[in-house]
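Every chain is numbered from 1, with letters handed out A, B, ... down the list of sequences. Keep in mind that this is a model prediction, so the values were computed, not measured.
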Amino acid sequence: MNLSLYDTRSRELQEVTSTGSLVSMYCCGPTVYRDAHVGNLRTFLLADLIARAITLSGKNVNLIQNITDVGHMSEDISGEDKMLAQAKAESTDPFAIARKYEEGFHKDLSRLNIIPAHLYPRASASIDLMIATIEELFEKKFAYLGNDGSVYFDARAFPGYGAISGNRLDALKPGHRFEYSEENGKRFHADWSLWKSAGTRTEMIWDSPWGPGFPGWHIECTAMSLKLLDGHINVHVGGIDLRFPHHENERAQSNAITGHESVDLWVHGEHLLFEGRKMSKSAGNVVLLEDLVEKGLDPLSLRFSLLENRYRSQMDLSWDSLTASHTTLRRWRKQLHAWGSSKDLLADEQISAALLTDLDTPRAMQRLRVVEKSTEITAHDKRAIFLYADQVLGIDLDRVEEVEPISPAIEKLLEQRSTARLEKDWQASDRLRDELESLGIVVTDSGQGQSWSRA
RNA sequence: GGUGGAAUGGCCGAGAGGCGAGGCAAGGGACUGCAAAUCCCUCUACACGGGUUCAAAUCCCGUUUCCACCUCCA
């Protein structure tokens with residue numbers, strides 16, 4: 001069985017295509033001028049889940065994810081470059097900012113068990129490639145030099161514009177809802193810049209046939225995906241907000257160059273809300289993975305929470321749901337440990353069917369809960385089914401809570417409490433339990449005496 | 001104004017025309033010196049109005065409300 005995903009362009013479920021058994025994938029990566037928040041991470045997780053599901057279906061994946069370290073200026077001329085603004089704020093070199101947040105990005109991915117892409121090309125190292133791509137667009141009559149010295153894509157030269165988002169060129173004229181400020185050099189309101197003239201800028205600019213400047217935002221993904229994936233992308237992944245204008249423009253550029261549909265399947269992940277609102281600085285509800293860790297939650301409880309929702313629905317995350325995930329995750333790991341230590345995998349048809357049908361992770365999770373409670377499935381098989389599912393879910397179900405050696409002082413307290421219990425000295429026993437708890441050790445009693453674990 | 005979606009119990013949420021998803025919270029019980037953990041039980045919801053059907057949360061039409069995108073955005 002092959003993986004099917006919802007394709008934004010055709011608006012229907014489509015089987016993932018491949019060349020032989022190799023699936024080429026491209027995922028729009030981060031702009032590294034700040035820490036990725038958990039909403040950003042939802043999209044990166046989506047790419048990981050797709051890659052893992054394709055692997056489960058017996059194919060191989062070649063995944064490319066770009067790193068945008070050339071800040072894009074907003075199309076609005078008054079907009080400020082994010083990378084340069086942040087560099088100013090942290091009073092350091094813009095490339096130092098980029099390296100710092102790029103490192104943080106990789107750390108977050110690893111904490112979320114996201115399997116690394118095969119390549120993370122940096123925009124700053126691909127300027128020549130982007131220039132060559134723009135030159136090709138000139139040759140094919142899709143690009144023109146504006147009278148402000150910047151290079152623009154001629155939207156009207158590309159007939160299929162709007163297929164992904166449903167926006168028509170004439171409907172893109174400014175409506176009531178937003179103010180549109182005209183750029184000087186454009187011939188048409190929907191054209192966009194491929195190369196921006198440096199103007200007064202002195203940092204992060206490069207030489208080009210059109211003079212010093214920097215690449216437009218959309219050309220980056222076209223240049224990299226076509227070059228690194230041989231001109232054809234089977235699956236293209238990104239957040240819903242990139243559908244327009246980014247992916248619409250990317251598609252126009254890429255198809256203009258290749259002369260055919262360059263991307264088979266466009267997959268878009270929906271937004272993650274936090275406590276009812278879109279995550280944003282102004283709403284003050286930006287949550288980082290680091291915040292979870294600081295609250296003592298396993299970072300994978302975020303992954304767990306995200307898995308309990310369909311990637312195409314807006315999802316409302318809260319500390320309650322994260323805590324619930326954390327609890328269940330720990331219980332499942334304990335169960336797996338109790339079910340044995342075999343590494344066997346047992347393919348479960350319901351789980352594979354759910355995962356391969358538009359990545360229905362909630363149904364797969366539901367199936368696991370049924371398996372957990374089943375009285376007909378043996379412990380060995382339960383474990384094998386959970387391990388099978390974990391190949392895609394990636395929540396480390398096989399992890400055994402690390403048995404860090406405890407300090408002699410804590411060991412002594414545990415001994416004292418054990419003795420106090422034997423002597424039925426409940427007062428001393430409770431006091432010692434509180435003391436241990438303040439040291440991060442949770443003591444529980446059972447018929448066989450006390451046991452402990454780390455909080 | 002254009003475009004893409006959504007509406008399910010106290011909360012989060014899955015739903016495939018027909019056997020009440022599940023989780024969290026809450027209440028009760030078992031176990032326990034007490035807790036914690038665990039287990040058992042309780043809490044029968046689908047925005048509104050029509051329609052199709054033997055049967056609708058699910059399909060169709062209309063209404064209302066909400067969210068997102070419309071040149072910074074995961």
Engineer: Kindly list each side-chain donor-acceptor pair under 3.5 angstrom involving residues 418-425 of chain A, sequence neighbours excluded, with atom names and distances?
Structural biologist:
from, atom 1, to, atom 2, distance (Å)
A:Thr419, OG1, A:Glu415, O, 2.8
A:Asp425, OD1, A:Ala428, N, 3.2

Engineer: B:G15 C1' sits how many Å from A:Met365 CE, rounded?
Structural biologist: 17 Å
Engineer: Taking B:A74 as the reference, what is the distance to B:U65 when you measure between their C1' atoms (whole Å, please)?
Structural biologist: 27 Å
Engineer: Separation of A:His246 atom NE2 from B:C70 atom P, in whole Å?
Structural biologist: 14 Å
Engineer: Would the base of B:A35 count as contacting A:Arg433 through its side chain, where contact means a donor and an acceptor less than 3.5 Å apart?
Structural biologist: yes
Engineer: Using the 3.5 Å cut-off, write out each protein N or O paired with an N or O of nucleotides 16-20 of chain B and the distance between them.
Structural biologist:
from, atom 1, to, atom 2, distance (Å)
B:A16, N7, A:Arg363, NH2, 2.9
B:A16, N6, A:Arg363, NE, 2.9
B:A16, N6, A:Arg363, NH1, 2.8
B:A16, N6, A:Arg363, NH2, 3.4
B:A16, N1, A:Arg363, NH1, 2.8

Engineer: How long is the line joining CD of A:Glu308 and P of B:A21, in whole Å?
Structural biologist: 16 Å
Engineer: What does A:His37 touch in the nucleic acid at a heavy-atom separation under 4.0 angstrom: a base, only the sugar-phosphate, or nothing?
Structural biologist: base
Engineer: Using a 3.5 Å limit for the pairing distances, which stems of at least 3 consecutive Watson-Crick or G-U wobble pairs does RNA chain B take part in?
Structural biologist: B:1-7 with B:64-70, B:10-12 with B:22-24, B:26-30 with B:38-42, B:47-51 with B:59-63
Engineer: Between B:A16 and B:A21, how far is it from one C1' atom to the other, in whole Å?
Structural biologist: 12 Å
Engineer: Please tell me which of the listed nucleotides, B:U71, B:C24, B:A14, lies nearest to the side chain of A:Ala190?
Structural biologist: B:U71
Engineer: Please check if the distance between the ring centroids of A:Trp319 and A:Phe274 is under 6.0 Å.
Structural biologist: yes
Engineer: Any side-chain to backbone donor/acceptor pair from A:Arg52 onto A:Leu393? Under 3.5 Å, distance only.
Structural biologist: no
Engineer: With P as the reference atom in both, quote the distance from B:U44 to B:C11 in angstrom, rounded to an integer.
Structural biologist: 15 Å
Engineer: Determine the interplanar angle of the A:Trp192 and A:His218 rings, folded into 0 to 90°, and report it as parallel if under 30°, tilted if 30 to 60°, perpendicular if over 60°.
Structural biologist: perpendicular
Engineer: Between protein and nucleic acid, restricted to nucleotides 36-42 of chain B and to nitrogen or oxygen atoms under 3.5 Å apart, what atom pairs and distances do you find?
Structural biologist:
from, atom 1, to, atom 2, distance (Å)
B:A36, N1, A:Asp445, O, 3.4

Engineer: Which class fits the ring pair A:Phe44 and A:Phe105: parallel under 30°, tilted 30 to 60°, perpendicular over 60°?
Structural biologist: perpendicular
Engineer: With P as the reference atom in both, quote the distance from B:G20 to B:U42 in angstrom, rounded to an integer.
Structural biologist: 14 Å
Engineer: In whole Å, I'd like the distance from the CG atom of A:Leu194 to the C1' atom of B:U71.
Structural biologist: 14 Å
Engineer: Scan nucleotides 3-6 of chain B against the protein and return all N/O pairs shorter than 3.5 Å with their distances rounded to 0.1 Å.
Structural biologist:
from, atom 1, to, atom 2, distance (Å)
B:U3, O2', A:Ser165, O, 2.4
B:G4, O2', A:Arg243, NH1, 3.1

Engineer: Checking A:Asp358 now: which residues fulfil side chain to side chain donor-acceptor pair (under 3.5 Å) with it, not counting sequence neighbours?
Structural biologist: A:Tyr311, A:Arg312
Engineer: Of the nucleotides B:C69, B:G22, B:G33, which has the atom closest to the A:Asp430 side chain?
Structural biologist: B:G33
Engineer: More 5' along RNA chain B: A:Pro30 or A:Ser313, using each one's nearest nucleotide?
Structural biologist: A:Ser313
Engineer: Side chain of A:Trp426, heavy atoms from C-beta onward: which of B:C69, B:G33, B:A74 has the nearest atom to it?
Structural biologist: B:G33
Engineer: Nearest whole angstrom, please: distance from the C1' of B:C11 to the CG of A:Asn309.
Structural biologist: 14 Å
Engineer: A:Leu272 near the nucleic acid: base, sugar-phosphate alone, or nothing, with a heavy-atom cut-off under 4.0 Å?
Structural biologist: base
Engineer: Tell me: CG of A:Asp360 to P of B:G13, nearest whole Å?
Structural biologist: 16 Å
Engineer: Do A:Arg417 and A:Glu437 pass the salt bridge (Lys or Arg N to Asp or Glu O under 4.0 Å) test, and can you show the C-alpha distance, the side-chain angles, and the key distance before you say yes or no?
Structural biologist: CA-CA 12 Å; A:Arg417 181 166 186 277; A:Glu437 195 177 339; over 6 Å; no
Engineer: Find the distance A:Gln366:CD to B:G15:P and express it as a whole number of Å.
Structural biologist: 9 Å
Engineer: Report which part of the nucleic acid A:Arg431 touches: base, sugar-phosphate, or nothing (heavy-atom distance under 4.0 Å, all strands).
Structural biologist: nothing
Engineer: Looking only at side-chain atoms of A:Asp316, point me to the closest of B:G13, B:C24, B:A68.
Structural biologist: B:G13
Engineer: Over how many whole Å does the gap from A:Gln65 atom CD to B:A74 atom C1' extend?
Structural biologist: 10 Å
Engineer: I would like to know whether A:Thr68 and A:Asn66 meet side chain to side chain donor-acceptor pair (under 3.5 Å); could you show each step before the answer?
Structural biologist: CA-CA 6 Å; A:Thr68 301; A:Asn66 65 307; 3.2 Å; yes
